[in-house]
Trainee: 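One structure coming up, written as structure tokens, with questions to follow.
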Amino acid sequence: MKKTLAGASVAALGAVAAHDLLQRRHAILRNFPVVGRARYWLEAIGPELRQYIVAGNDEERPFSRDQRRWVYASSKLQNNYFGFGTDNDLEHSSGNVIVHHRTFARAYPTHGAVGQEARLPSAKVLGGPRGRRHAFRPESVVNISGMSFGSLSGNAIEAINRGAAAAGCLHNTGEGAVSPYHRNGADLVFQIGTAYFGCRDEQGRFDLARLKDLVASTPIRALEIKLSQGAKPGLGGVLPAPKVSREIAETRGVPEGVDCLSPSRHAEFDDVDSLLDFVELLAAETGLPVGIKSAVGDLGFWDELAELMDRRDRGVDFVSIDGGEGGTGASPLIFTDAVSLPFRLGFARAYAAFAERGLHEDVTFIGSGKLGLPDNAVVAFALGADMVNVAREAMLAVGCIQAQKCHTGECPTGVATQNAWLAHGLDPLSKAERVTNYVRTLRRDLLKVSETCGVEHPALIGPDSVEVLDNLSDGRLLGEVYGYRPGWGFPSERDRADISRIMAATEEAEAETEGPPETAEDGKRGDEAAGELPSE
């Protein structure tokens, strides 16, 4: 028996060696048959080796080990504190952000204790300045960014939606329309993409009647016209025919088993003037606040938009600025790395186009692009953002391990895939709790930093409260770095007074969570929490 097995093994190796010697595609295999295959195996598992063995706490991208550990621990209500000082290289690297704390201030630290979920409503009323019929004040400054059913699995969408509902935050549908998985309790922002999924006719053109029917039957609180996104600015998209299942086809309003195309441009408008006409049509017919989502490239668009809005007869209610850092969408490397501005630079330039005309107080600004981390979010608020949207951080909360296989459909944790076997491992109910915990913890940390800065709410943190360092030799305030004028970066005086009153009246009990070791519920130390990678 043993001889038979040994003979079979030798024969198999011989066959592999013969194949390697005769093939002409790979020089390594021709020169080093069988053994050369180790090179491709090591290449295949290279990301995992770097992630778990080689890389340091602050080296990986797009999210470092420290950043992922913070999200994982927060989503599990574990100790998310760090000990023994920062891993950031303050001595030799530039661009580090420092928040200025205040010794004395008007804000008494009554909120943001360990475990509080931190009620943090928006400082602005969405749609209020333009008098939309269904204007409202969002309950949370942290909300879920657009990730469509199709890019994420149904189980992932359901988990995020349930978690958003429990946390009281908005859930953006992404351009793939409203699926059954989006109907688990959360209020929605319906994204209208270039293919008009969910509100299109049989020819693929926008259908206002279908949109109104959808709004009437779904908890949609606002409409977002997607012009571009940071992951693939200026590109359309293709969902290959094999992935267009019956469920996706019914959700998007497209034929089953046929390539599902998203054009690179909208067909209902072709310039800023007609875009504003479209915005006002949607607002008048639905009564909902209407905004746009875009990455920032050519500034001519933003100048023209602000110039036309300065006439005060038409305008968007909110602007979602997506950073060019990339995100959940797959795209060619050149687009991922080099098309559209990073969030801070892009947001500051777009914001300035409105602020120069005195329009910044009448528009709700939403930021996205790695803003689900407290330090990045604080910078966004200091630049003038009123809310932040999180995408990849929400994926981490439901189990993503940064395998970076989103574009292959082979996500090992069932998040970014339509493979039923892979998706079944993601339990929507348990993962929903992690999304809720993560959002509440992020809000709590934002509130604690706000009070450290002497204000009641993150929207009241101004550009003079944040400094950007150039190694240890120099530093400049955020407003100076991005050319802000005095008074920029804040809501109006009325909105500031209103949100201060709201926060002063907020009382909430502490939720169960872990703090540093001396206050942790279970006494788990930070180094134990560090062993939680990866999260599943």
Trainee: Can you sort out the partners of D271 under side chain to side chain contact (heavy atoms under 4.5 Å, CB included), two or more places apart, ordered by chain and number?
Mentor: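 D271 satisfies side chain to side chain contact (heavy atoms under 4.5 Å, CB included) with D273, S274 only.
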Trainee: Return the minimal non-hydrogen interatomic distance between W70 and G372, and the atom names on each side.
Mentor: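 Distance-wise, the nearest heavy atoms are CZ3-O, 3.7 Å.
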Trainee: Taking T286 for its side chain and L288 for its backbone only, find out whether a donor-acceptor pair lies under 3.5 Å.
Mentor: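 Present.
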Trainee: Using ring pair (Phe, Tyr, Trp, His ring centres under 6.0 Å) as the criterion, list what pairs up with F301, not counting sequence neighbours.
Mentor: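 Counting only residues at least two positions away or on another chain, F301 forms no ring pair (Phe, Tyr, Trp, His ring centres under 6.0 Å).
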Trainee: Kindly write out the residues that satisfy ring pair (Phe, Tyr, Trp, His ring centres under 6.0 Å) with F354, not counting sequence neighbours, or none if the list is empty.
Mentor: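 Checked F354 against ring pair (Phe, Tyr, Trp, His ring centres under 6.0 Å); matches are F365.
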Trainee: Just to verify, what does D213 make a salt bridge (Lys or Arg N to Asp or Glu O under 4.0 Å) with, not counting sequence neighbours?
Mentor: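 Not a single residue meets the salt bridge (Lys or Arg N to Asp or Glu O under 4.0 Å) criterion with D213.
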Trainee: Considering residues at least two apart in sequence or located in another chain, which fulfil the side-chain hydrogen bond (donor to acceptor under 3.5 Å, both in side chains) criterion with R221?
Mentor: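 Per chain and number, R221 pairs via side-chain hydrogen bond (donor to acceptor under 3.5 Å, both in side chains) with D187.
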Trainee: Using the side chain to side chain contact (heavy atoms under 4.5 Å, CB included) criterion, which residues pair with R349? Sequence neighbours excluded.
Mentor: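 Only L299, L341, L345 meet the side chain to side chain contact (heavy atoms under 4.5 Å, CB included) criterion with R349.
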Trainee: Take a 6.0 Å sphere around CD of E361 and say whether it holds more than 12 heavy atoms from other residues, nucleotides or ligands.
Mentor: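 Enclosed: over 12 neighbouring heavy atoms sit under 6.0 Å from CD of E361.
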Trainee: Look only at the side chain of S140 and the backbone of N143, and say whether a donor-acceptor pair between them is shorter than 3.5 Å.
Mentor: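 The answer is no, because no donor-acceptor pair under 3.5 Å joins these two groups.
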Trainee: So does F490 get a backbone contact from the side chain of H360, meaning a donor-acceptor N/O pair under 3.5 Å?
Mentor: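 Side chain of H360 to backbone of F490: no pair is present.
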Trainee: Taking the side chain as C-beta and beyond, is there a heavy-atom pair between Q67 and E393 under 4.5 Å?
Mentor: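 Heavy-atom side-chain distance check fails, nothing below 4.5 Å.
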Trainee: From the options I225, L281, I192, select the one residue that forms a side-chain contact (heavy atoms from CB on, under 4.5 Å) with V290.
Mentor: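 By the side-chain contact (heavy atoms from CB on, under 4.5 Å) criterion, V290 pairs with just one of I225, L281, I192: I225.
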Trainee: Can a salt bridge be assigned to the pair R130 and E280 using a cut-off of 4.0 Å between side-chain N and carboxylate O?
Mentor: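 Looking at R130 and E280, the cut-off is met.
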Trainee: How about R183 and N161: does a side-chain donor come under 3.5 Å of a side-chain acceptor?
Mentor: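 There is no such pair between these side chains.
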Trainee: What are the two closest heavy atoms between N376 and L371, and how far apart are they?
Mentor: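 Heavy-atom minimum between the residues: O-CD2, 3.8 Å.
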Trainee: Test of understanding: with salt bridge (Lys or Arg N to Asp or Glu O under 4.0 Å), list the residues that count as partners of R312, not counting sequence neighbours.
Mentor: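 Counting only residues at least two positions away or on another chain, R312 forms a salt bridge (Lys or Arg N to Asp or Glu O under 4.0 Å) with D310, D362.
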Trainee: Please name the pair of heavy atoms, one in F190 and one in C199, separated by the smallest distance, quoted to 0.1 Å.
Mentor: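 In this case the closest contact between F190 and C199 is CE2-SG, 4.0 Å.
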Trainee: Residues in salt bridge (Lys or Arg N to Asp or Glu O under 4.0 Å) with D207, at least two apart?
Mentor: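 So D207 forms a salt bridge (Lys or Arg N to Asp or Glu O under 4.0 Å) with R210.
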Trainee: Please give me the minimum heavy-atom distance between A459 and H457, naming the atom from each residue.
Mentor: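 Taking A459 first and H457 second, the nearest heavy atoms are N-ND1, 3.0 Å.
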Trainee: Got a sec, which residues hit salt bridge (Lys or Arg N to Asp or Glu O under 4.0 Å) with R496, two or more places apart in sequence or on another chain?
Mentor: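 Testing R496 for salt bridge (Lys or Arg N to Asp or Glu O under 4.0 Å), a comparison that skips the adjacent residues, returns none.
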Trainee: For P263, is there any backbone N or O sitting under 3.5 Å from a side-chain donor or acceptor partner on T194?
Mentor: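 Pair found, side chain donor or acceptor close to backbone of P263.
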Trainee: Under a 3.5 Å distance rule, please check whether Y484 uses its side chain to pair with a backbone N or O of D464 as donor and acceptor.
Mentor: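 No, the answer is negative, given that no donor and acceptor are paired below the 3.5 Å cut-off.
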Trainee: Can you check salt bridge (Lys or Arg N to Asp or Glu O under 4.0 Å) on E433 and R162, steps first, answer last?
Mentor: CA-CA 8 Å; E433 293 181 7; R162 289 181 182 273; over 6 Å; no
Trainee: Among all residues two or more places apart in sequence or in another chain, which pass the side chain to side chain contact (heavy atoms under 4.5 Å, CB included) test with T251?
Mentor: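 Partners of T251 by the side chain to side chain contact (heavy atoms under 4.5 Å, CB included) criterion, ordered by chain and then number, come out as F149, A177, S179, P180.
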Trainee: Which heavy atom of C453 sits nearest to which heavy atom of V99, and what is that distance?
Mentor: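 That would be SG-CG1, 3.3 Å.
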Trainee: Should the pair R501-D498 be classified as a salt bridge under the 4.0 Å nitrogen-to-oxygen rule?
Mentor: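 Here R501 pairs with D498 in a salt bridge, since their nearest N and O are under 4.0 Å apart.
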Trainee: Before accepting this row, confirm whether a basic side-chain N of the pair E268/R205 lies closer than 4.0 Å to the acidic partner's carboxylate O.
Mentor: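 Yes, this pair counts.
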Trainee: Do N184 side-chain atoms and Y181 backbone N/O form a donor-acceptor pair below 3.5 Å?
Mentor: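 Confirmed, N184 side chain pairs with Y181 backbone.
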Trainee: If the threshold is 4.0 Å, N to carboxylate O, is there a salt bridge linking E451 and R102?
Mentor: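 Result for this pair is no, no salt bridge flagged.
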Trainee: Has T218 got a side-chain atom pairing as donor or acceptor with V215's backbone, closer than 3.5 angstrom?
Mentor: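 Not at all, since once roles are kept as given, no pair shorter than 3.5 Å links the two residues.
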Trainee: With no hydrogens and no angle check, is any side-chain donor or acceptor of E224 less than 3.5 Å from a backbone partner on Q191?
Mentor: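 Flag not set: sc E224 to bb Q191 has no pair under 3.5 Å.
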Trainee: Compare every heavy atom of V272 with every heavy atom of L308, then report the nearest pair and how far apart it is.
Mentor: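 Looking at all heavy atoms of both residues, the shortest contact is CD1-CG1, 3.7 Å.
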Trainee: Parallel, tilted or perpendicular: which describes the rings of F278 and Y196, with under 30° parallel and over 60° perpendicular?
Mentor: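 Perpendicular, since the angle between the ring planes exceeds 60°.
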Trainee: Quick one: side-chain hydrogen bond (donor to acceptor under 3.5 Å, both in side chains) partners of E467, sequence neighbours excluded?
Mentor: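 If we apply the side-chain hydrogen bond (donor to acceptor under 3.5 Å, both in side chains) test to E467, skipping adjacent residues, the hits are H100.
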Trainee: For F318, give me all partners under ring pair (Phe, Tyr, Trp, His ring centres under 6.0 Å), at least two apart in sequence or on another chain.
Mentor: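 Expected list: none.
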Trainee: So, applying side-chain contact (heavy atoms from CB on, under 4.5 Å) with V296, which one of Y351, W302, F343 is it?
Mentor: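 Testing each of Y351, W302, F343 against V296, the sole residue satisfying side-chain contact (heavy atoms from CB on, under 4.5 Å) is W302.
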Trainee: When you measure from the side chain of R200 to the backbone N and O of A195, does any donor-acceptor pair fall under 3.5 Å?
Mentor: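 Yes; judged by distance alone, with no hydrogens or angles, the pair exists.
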Trainee: Is there a donor in the side chain of T364 and an acceptor in the side chain of D386, or the other way round, less than 3.5 Å apart?
Mentor: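 Per modelled atom types, T364 and D386 side chains form no pair under 3.5 Å.
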Trainee: Donor-acceptor pair, R137 side chain versus S122 backbone, under 3.5 Å?
Mentor: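 Looks like yes, one N/O pair under 3.5 Å.
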